[in-house]
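Hydrogens, waters and symmetry mates play no part in the numbers below; they use all other heavy atoms, side chains included. The first residue of the sequence shown is numbered 1, and numbering continues consecutively from there.
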Amino acid sequence: MRIVSLVIMLLLSVLSSNAAFAQWHQKSFDVMGTLAHVEFWLPDTAEASTADNLIAAVEQEMQRIDQTMSPYIATSELSIINRDAATKPVTISPELFDLLTDAQDIAKLTNGMFDITYASVGYQYDYRKHQKPDQAAINNALKAINYQAVTLDKSTSSVRFANTDVKIDLGGIAKGHAVKNCIAILKDAGIEHALISAGGDTTLLGDRIGRPWFVGIKHPRAEEKTAVQLPLSNESISTSGDYERYFIEDGVRYHHIINPKTGDSARNVVSVSIIGKNPTFVDALSTAIFVMGLQQGMALINELPEYEAIIIDNQQTLHVSTGLQQD
């Protein structure tokens with residue numbers, strides 16, 4: 001199935017002529033295990049090569065981050081950390097050090113419900129082959145799932161693991177980081193209206209020439225349908241759902257959003273969308289709130305004035321945070 005949790009609904013009525021349409025430039029491409037999309041508006045005065053150069057810069061940036069943070073690439077910084085950090089401090093790039101610091105901050109904020117060391121058990125799941133670890137393997141791996149087992153030393157820009165069983169994965173935060181960097185590329189180039197998405201993570205720069213962008217949250221149990229459409233401008237939104245990577249065995253859905261406390265797939269809800277300004281934090285919070293579930297997750301979001309949430313529970317009922325509720 002497609003690994004896409006957001007359906008971007010483009011309002012073609014905004015485009016009043018063929019000449020206007022020519023000013024919108026877009027491309028979709030595969031990267032980081034998902035489908036990415038870039039779209040932006042250029043004035044008529046821009047040079048013909050500008051759009052192609054910007055699209056190439058966005059695609060190259062996402063590929064660079066994939067090469068740095070993918071656990072499936074042996075030469076990536078992340079793979080080197082997982083290989084060596086249990087035996088010695090591993091010096092890493094300032095970019096990755098800052099992202100690991102963000103991950104630690106979000107882990108503390110969510111009482112460990114967002115925890116990149118979930119990979120200590122997560123790597124034992126293979127959703128394509130419908131494979132999962134047995135309970136004994138999960139119980140053994142749970143000892144290594146603890147964000148406090150990752151030590152960051154700012155003075156040396158290094159990371160160290162507490163023991164050899166610890167592994168980390170940035171799947172719940174790296175795409176938000178990539179989208180954030182790519183929007184910055186467009187903004188620095190003078191672009192005022194743009195959309196960048198990677199899987200379930202989308203960031204919007206400005207509006208769509210006088211109207212908001214419309215972003216659809218995918219229906220969790222209907223492939224071609226959207227559960228709700230949101231008018232957004234200058235916002236980021238991230239959706240985590242149990243329909244992206246999964247298999248069903250004996251009537252139980254096993255999916256990629258792992259509860260760090262149990263080592264098993266989180267099943268309290270089926271979809272969580274978080275809206276806010278910071279793409280990196282929005283990405284991580286959507287994962288954390290999914291694990292926390294409706295009551296605990298919504299309580300946390302309602303304490304964070306910069307963020308809003310849309311949660312779809314197991315009965316496919318939609319719930320929204322206080323800031324999205326109409327009087």
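To the nearest 0.5 angstrom, Arg83 atom CZ is 15.0 Å from Thr164 atom OG1. Distance check: Thr34 OG1 to Phe29 CZ gives 10.5 Å after rounding to the nearest 0.5 Å. Taking CD1 from Ile145 and OH from Tyr118, the interatomic distance works out to 10.0 Å, rounded to the nearest 0.5 Å. Between atom CD1 of residue Ile168 and atom CG of residue Asp115 there is a gap of 10.5 Å, rounded to the nearest 0.5 Å. Between Met292 atom CE and Asn111 atom CG the span is 6.5 Å, to the nearest 0.5 Å. Taking NE2 of His256 as the start and OG of Ser265 as the end, the distance is 9.5 Å to the nearest 0.5 Å.
With a 6.0 Å cutoff to the six-membered ring centre and a 45° limit on the axis angle, Lys218 counts as a cation-pi contact of Tyr243. A cation-pi arrangement is not found for Lys154 relative to Phe97, the charged atom failing to lie both closer than 6.0 Å to the ring centre and inside a 45° cone about the ring normal. Taking the ring centre of Tyr254 as origin, the terminal cationic atom of Arg267 falls inside the region bounded by 6.0 Å and 45° from the ring axis. Annotation: cation-pi pair Arg208/Trp41 absent, no NZ/CZ under 6.0 Å from the ring centroid and within 45° of its normal.
Heavy atoms of other residues, nucleotides or ligands lying less than 6.0 angstrom from NZ of Lys187 number 12 at most. Residue-environment remark: CD (Gln131) exceeds the threshold of 12 foreign heavy atoms within 6.0 Å. Remark: Gln316 CD is packed, more than 12 non-hydrogen atoms of other residues, nucleotides or ligands lying under 6.0 Å away.
When all heavy atoms of Ile301 and Ser321 are compared, the pair lying nearest together is CG2-CB, 3.9 Å. Nearest heavy atoms, Ile116 versus Ala103: CG2-CB, 3.9 Å. Taking each heavy atom of Thr110 and Ala288 in turn, the nearest pair found is CG2-CB, 3.6 Å. Nearest heavy atom pair, residue Val291 against residue Pro260, reads CG1-CD, 3.9 Å. Closest approach of Gln23 and Pro43 over heavy atoms only: NE2-C, 4.4 Å. The shortest non-hydrogen separation linking Leu142 to Thr262 is CD2-C, 3.6 Å.
Formation of a donor-acceptor pair under 3.5 Å by the Asn259 side chain with backbone atoms of Lys261 is found in this model. A donor-acceptor contact shorter than 3.5 Å links the side chain of Ser79 to the backbone of Ile73. Without hydrogens or angle criteria, Thr226 side chain to Val228 main chain gives no donor-acceptor distance under 3.5 Å. Looking at His25, its side chain never comes within 3.5 Å of a backbone N or O of Ile55 through a donor-acceptor pair. Side-chain atoms of Arg160 come within 3.5 Å of backbone N or O of Ala85 as a donor-acceptor pair. Within the 3.5 Å criterion, the main-chain N or O of Ser197 finds no donor-acceptor partner in the side chain of Asp201. The backbone N or O of Thr239 sits nowhere less than 3.5 Å from a side-chain atom of Ser286 that would complete a donor-acceptor pair. Judged by distance alone, the side chain of Asp66 and the main-chain N or O of Met62 form no donor-acceptor pair under 3.5 Å. Distance alone, capped at 3.5 Å, places no donor-acceptor pair between the Glu77 side chain and the Gln67 backbone. For the pair Asn302 (side chain) and Met298 (backbone), a donor-acceptor distance under 3.5 Å is present.
Residue Val166 is grouped with residue Leu152 when hydrophobic side chains (ILVMFWY) are merged at heavy-atom distances under 4.5 angstrom, including chains of intermediate members. Linking ILVMFWY side-chain heavy atoms closer than 4.5 Å, directly or via other members, places Ile209 and Val215 in a single hydrophobic cluster. A continuous path of hydrophobic side-chain contacts links Phe114 to Leu78 [ILVMFWY only; heavy atoms under 4.5 Å]. Under a hydrophobic-cluster definition in which Ile, Leu, Val, Met, Phe, Trp and Tyr are linked whenever side-chain heavy atoms come within less than 4.5 Å, directly or via other members, Ile258 and Met113 are assigned to different clusters.
Looking at heavy atoms from C-beta onward, Pro89 lies out of side-chain contact with Thr156 at the 4.5 angstrom threshold. A 4.5 Å side-chain heavy-atom check between Gln104 and Tyr147 finds at least one atom pair inside the cut-off. Side-chain contact between Val282 and Glu235: absent, with no pair of heavy atoms (C-beta onward) separated by less than 4.5 Å.
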**Request:** Take Ser28 and His37, measure what side-chain hydrogen bond (donor to acceptor under 3.5 Å, both in side chains) needs, and give me the verdict at the end.
**Result:** CA-CA 4 Å; Ser28 297; His37 183 79; 2.7 Å; yes
TODO: Before giving the answer on side-chain contact (heavy atoms from CB on, under 4.5 Å), spell out for Thr287 and Val272 the whole-Å C-alpha distance, their side-chain angles and the decisive distance to 0.1 Å.
DONE: CA-CA 8 Å; Thr287 300; Val272 171; over 6 Å; no
Inset, instruction - Any chance you could lay out the side-chain contact (heavy atoms from CB on, under 4.5 Å) test for Leu109 and Leu304, step after step, and finish with the verdict? - result: CA-CA 10 Å; Leu109 175 67; Leu304 302 175; 4.2 Å; yes
Item to complete: Start with the C-alpha distance between Lys277 and Glu306, add both sets of side-chain angles, then the distance that settles salt bridge (charged side-chain N to carboxylate O under 4.0 Å, His left out), and finish with yes or no.
Response: CA-CA 7 Å; Lys277 299 294 184 184; Glu306 296 181 356; over 6 Å; no
- prompt: Under the side-chain hydrogen bond (donor to acceptor under 3.5 Å, both in side chains) criterion, do Asp102 and Thr280 qualify, and how do the steps go?
  reply: CA-CA 8 Å; Asp102 286 343; Thr280 305; 5.1 Å; no
Kindly determine whether Ser120 and Thr117 satisfy side-chain hydrogen bond (donor to acceptor under 3.5 Å, both in side chains), including the steps that lead there.
CA-CA 6 Å; Ser120 304; Thr117 66; 5.0 Å; no
Exercise for review: Under the side-chain hydrogen bond (donor to acceptor under 3.5 Å, both in side chains) rule, what do His177 and Glu95 come out as? Steps first, then yes or no, please.
Suggested key: CA-CA 10 Å; His177 172 70; Glu95 176 187 33; 2.7 Å; yes
*Could you please spell out the steps behind the side-chain contact (heavy atoms from CB on, under 4.5 Å) verdict for Ile310 and His319?*
CA-CA 6 Å; Ile310 298 173; His319 307 262; over 6 Å; no
Item to complete: Verify side-chain contact (heavy atoms from CB on, under 4.5 Å) between Ile80 and Thr75, making sure each step is shown before the conclusion.
Response: CA-CA 7 Å; Ile80 293 171; Thr75 55; 5.8 Å; no
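Taking the six-membered ring where the residue is Trp, the centroids of His130 and Tyr246 are separated by 6.0 Å or more.
Ion pair Arg221/Asp242 flagged as a salt bridge, since at least one NZ, NE, NH1 or NH2 atom sits closer than 4.0 Å to an Asp/Glu carboxylate oxygen.
Residues Asp153 and Ser158 have side chains that never bring a donor and an acceptor to within less than 3.5 angstrom of each other.
Applying the salt bridge (charged side-chain N to carboxylate O under 4.0 Å, His left out) test to Lys132 and every residue at least two apart in sequence or in another chain returns Glu249.
Taking the six-membered ring for Trp and thresholds of 30 and 60 degrees, Phe247 and Tyr127 have ring planes inclined between 30 and 60 degrees apart.
Applying the salt bridge (charged side-chain N to carboxylate O under 4.0 Å, His left out) definition to pairs two or more places apart or across chains, none involves residues 47-56.
Just one of Asn278, Ile289, Leu300, Ile275 meets the side chain to side chain contact (heavy atoms under 4.5 Å, CB included) condition when paired with Tyr307; it is Asn278.
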